[in-house]
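In what follows, a structure is listed as structure tokens, so that the remarks can point back to it.
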There are 2 protein chains.
Amino acid sequence: MPVSIVLFEDNDRLRESLAYLLNSDPDYTVTGDYNNCNLAVDIIAELAPDVVLMDIDMPGKTGISGVTMVKQTRPETAVIMYTVFEDDERLFQCLCAGANGYLLKKTPPARLFDAIQEVLNGGAPMSPNIARKVLNSFQQKTDNLYNLTDRETDVLQLLVKGNSIKVIADALNMAFDTVRSHLKKIYLKLHVNCGKEAIAKALNEKLI
Amino acid sequence: MPVSIVLFEDNDRLRESLAYLLNSDPDYTVTGDYNNCNLAVDIIAELAPDVVLMDIDMPGKTGISGVTMVKQTRPETAVIMYTVFEDDERLFQCLCAGANGYLLKKTPPARLFDAIQEVLNGGAPMSPNIARKVLNSFQQKTDNLYNLTDRETDVLQLLVKGNSIKVIADALNMAFDTVRSHLKKIYLKLHVNCGKEAIAKALNEKLI
DNA sequence: TAGGCTATCACTCATTTGAGTGATTATTAT
DNA sequence: ATAATAATCACTCAAATGAGTGATAGCCTA
């Protein structure tokens with residue numbers, strides 16, 4: 001049985017040529033193609049495709065919510081984004097929504113067959129730039145963006161683990177009021193007003 | 001000028017056959033091969049290779065600290081992990097250390113040339129399983145692991161942004177004491193003792 | 001050597017928070 | 001119909017925290 005594919009792509013010419021290309025190989029069959037993903041839930045439930053190729057910028061719902069809908073309806077359907085966008089914002093939104101691959105439209109069309117095979121074999125096809133961005137996102141290290149001193153960093157690290165001032169003081173062998181003194185400077189430097197905000201900022205921006 | 005490559009791999013037979021394979025193509029040259037990465041800093045500083053192939057399990061320092069050393073010494077050298085390990089633990093440690101690619105040893109050797117080209121072109125070659133794991137890591141949403149109710153989730157979301165009880169109460173149109181009531185249940189369910197710990201746990205485990 | 005930065009500690013005061021206890025209402029499940 | 005759960009609100013009390021102010025000592029630099 002050929003691999004069944006559904007396309008969501010608002011550029012009619014592109015969508016039709018993609019369908020033509022994929023259908024030209026008997027191992028693949030496009031069972032549906034749409035210029036928006038507003039009804040993605042019903043479509044996916046009905047067609048139950050193996051693979052979805054999803055554009056991002058479409059009238060109505062974006063491809064990002066498209067991924068969410070597909071995955072909620074049928075998690076086993078593999079979704080490959082197919083878009084011109086390579087900004088971090090949209091990229092990571094798609095990944096968080098559950099995309100299984102991310103190809104830029106400059107990808108040579110022949111590579112689509114490889115990508116579909118790859119995703120069916122449990123892989124995650126990505127354009128080179130995209131893969132690099134994804135890997136880079138793991139390299140934390142904000143080069144001490146807020147100019148915290150060594151001691152302030154010590155205090156912040158313990159604070160972020162949820163320790164109270166008293167415990168931090170014990171752990172670092174300093175007086176209770178010294179910790180509070182450091183905390184005040186930390187809050188100033190991070191532009192926050194309390195420990196809770198500092199923890200949130202430190203974790204979100206990987207300052208620790 | 002051929003692409004210069006350094007190998008760190010403690011299996012002598014494998015290392016030698018890799019070197020032989022890569023040297024067989026005049027576009028590539030292995031300028032050094034080592035059975036451990038203890039002296040990686042000096043080696044990289046001296047040889048300044050374009051690409052490093054790095055094993056993980058080696059006598060002395062692991063390939064994980066190997067990546068760190070290479071990247072600290074010469075960030076522009078691309079490091080491709082080449083290992084049998086595909087556990088999340090080591091994988092993400094390597095990525096955080098700055099690895100630019102991650103290939104499993106079951107990769108067909110011919111694919112090494114592609115991978116090296118890919119990494120030189122700003123890509124991030126990964127074995128399919130690895131790429132999938134990496135993408136999956138973005139799908140947060142621990143399916144309500146701690147059985148928080150809808151309202152508790154509302155409160156936690158606001159808490160995590162650093163809001164005070166008073167602000168949360170206003171935002172959710174509930175009484176101050178209602179928020180405190182929800183917070184107590186949240187702390188119970190998360191097994192924490194205070195808001196700071198709750199924030200840390202929520203962010204670390206992506207509960208929100 | 002004078003000024004700046006860091007690390008240290010102290011004291012006050014008002015606010016915030018955690019913990020304990022208890023209660024009402026509505027919805028859901030058995 | 002009864003029990004369980006969720007959501008709501010109230011009150012107390014002690015502890016933790018933030019903000020303000022100030023001080024001392026060591027180190028580095030201009």
Side-chain angles (χ1 to χ4, degrees), chain A residues 72 140-208, chain B residues 72 140-208:
Chain A
Q72 278 176 353
Q140 39 217 107
K141 70 122 185 16
T142 315
D143 273 330
N144 203 354
L145 190 51
Y146 296 94
N147 291 312
L148 296 182
T149 67
D150 290 351
R151 219 52 177 145
E152 285 161 3
T153 304
D154 292 341
V155 172
L156 183 57
Q157 278 174 348
L158 289 169
L159 184 77
V160 162
K161 295 194 193 309
N163 295 295
S164 69
I165 295 180
K166 197 179 295 182
V167 172
I168 295 174
D170 280 358
L172 296 180
N173 282 312
M174 56 174 72
F176 184 84
D177 275 309
T178 304
V179 177
R180 302 218 293 174
S181 181
H182 285 304
L183 282 177
K184 283 171 212 168
K185 294 200 203 92
I186 291 170
Y187 297 165
L188 261 182
K189 289 183 178 179
L190 298 193
H191 308 297
V192 298
N193 297 305
C194 65
K196 292 181 301 183
E197 279 185 87
I199 292 173
K201 189 154 194 166
L203 287 176
N204 280 323
E205 303 187 12
K206 307 186 184 185
L207 299 183
I208 46 154
Chain B
Q72 279 176 352
Q140 46 216 96
K141 182 83 168 328
T142 318
D143 269 330
N144 207 353
L145 188 51
Y146 296 93
N147 292 310
L148 295 181
T149 67
D150 290 351
R151 219 52 177 145
E152 286 161 1
T153 304
D154 292 341
V155 172
L156 183 57
Q157 278 174 349
L158 288 170
L159 183 77
V160 162
K161 295 194 194 305
N163 296 296
S164 69
I165 296 180
K166 197 179 294 183
V167 172
I168 296 174
D170 280 358
L172 296 179
N173 282 313
M174 56 175 72
F176 183 84
D177 275 308
T178 304
V179 177
R180 304 217 292 174
S181 181
H182 285 305
L183 282 176
K184 284 171 212 168
K185 295 199 203 93
I186 291 170
Y187 298 166
L188 262 182
K189 290 182 178 179
L190 297 193
H191 309 299
V192 298
N193 298 305
C194 64
K196 291 182 301 182
E197 280 185 86
I199 293 172
K201 190 156 193 163
L203 288 176
N204 281 322
E205 304 187 12
K206 306 184 182 183
L207 299 182
I208 45 151

When the axes are fitted on five pairs at both termini, how much does the helix from dT1(C)-dA30(D) to dT30(C)-dA1(D) curve, in 10° steps? 50°

Return a table of donor-acceptor pairs under 3.5 angstrom between the side chains of residues 163-175 of chain A and protein atoms on other chains or two or more places apart.
{"residue": "Asn163(A)", "atom": "ND2", "partner": "Leu158(A)", "partner atom": "O", "Å": "2.7"}
{"residue": "Ser164(A)", "atom": "OG", "partner": "Val167(A)", "partner atom": "N", "Å": "3.4"}

Return the set of residues passing side-chain contact (heavy atoms from CB on, under 4.5 Å) with Asn193(A) (not counting sequence neighbours), or none when no residue passes. Glu197(A)

Mind checking side-chain contact (heavy atoms from CB on, under 4.5 Å) for Ala200(A) and listing every partner two or more places apart, or none if nothing turns up? Asn204(A), Ile199(B), Leu203(B)

Sorted by number, residues from residues 189-199 of chain B placing a heavy atom under 4.0 Å from DNA chain D are Lys196(B)

Give the minimum heavy-atom separation between Gly162(A) and Cys194(B), together with the two atoms involved. O-SG, 4.0 Å

Please give me every residue in residues 160-168 of chain A whose heavy atoms get under 4.0 Å of an atom in DNA chain C, ordered by residue number. none

Contact check, residues 175-188 of chain A vs DNA chain C, heavy-atom distance under 4.0 Å, returns Ala175(A), Asp177(A), Thr178(A), Arg180(A), Ser181(A), His182(A), Lys185(A)

Can you tell me how far P of dT6(C) sits from CG of Leu148(A), to the nearest Å? 10 Å

To the closest 0.5 Å, what do you measure between CG (Leu159(A)) and OG1 (Thr153(A))? 12.5 Å

Just how far is it from atom OG1 of Thr149(A) to atom NZ of Lys185(A), taken to the nearest 0.5 Å? 7.0 Å

Under the salt bridge (charged side-chain N to carboxylate O under 4.0 Å, His left out) test, which residues partner Asp177(A), sequence neighbours left out? Arg180(A)

List in chain and number order the residues that pass salt bridge (charged side-chain N to carboxylate O under 4.0 Å, His left out) with Glu152(A), two or more places apart in sequence or in another chain; answer none if no residue qualifies. Lys189(A)

Can you give the first and last nucleotides of DNA chain D, 5' to 3', that have an atom under 4.0 Å from a heavy atom of chain B? dA6(D) to dT17(D)

With B for base contact, S for sugar-phosphate-only contact and - for none (protein heavy atoms under 4.0 Å), nucleotides 24-29 of chain C reads ------

Are more than 12 heavy atoms, taken from residues, nucleotides or ligands other than Lys161(A), located less than 6.0 Å from that residue's NZ atom? no

Any donor-acceptor pair under 3.5 Å linking the side chain of Lys201(A) with the backbone of Leu190(A)? yes

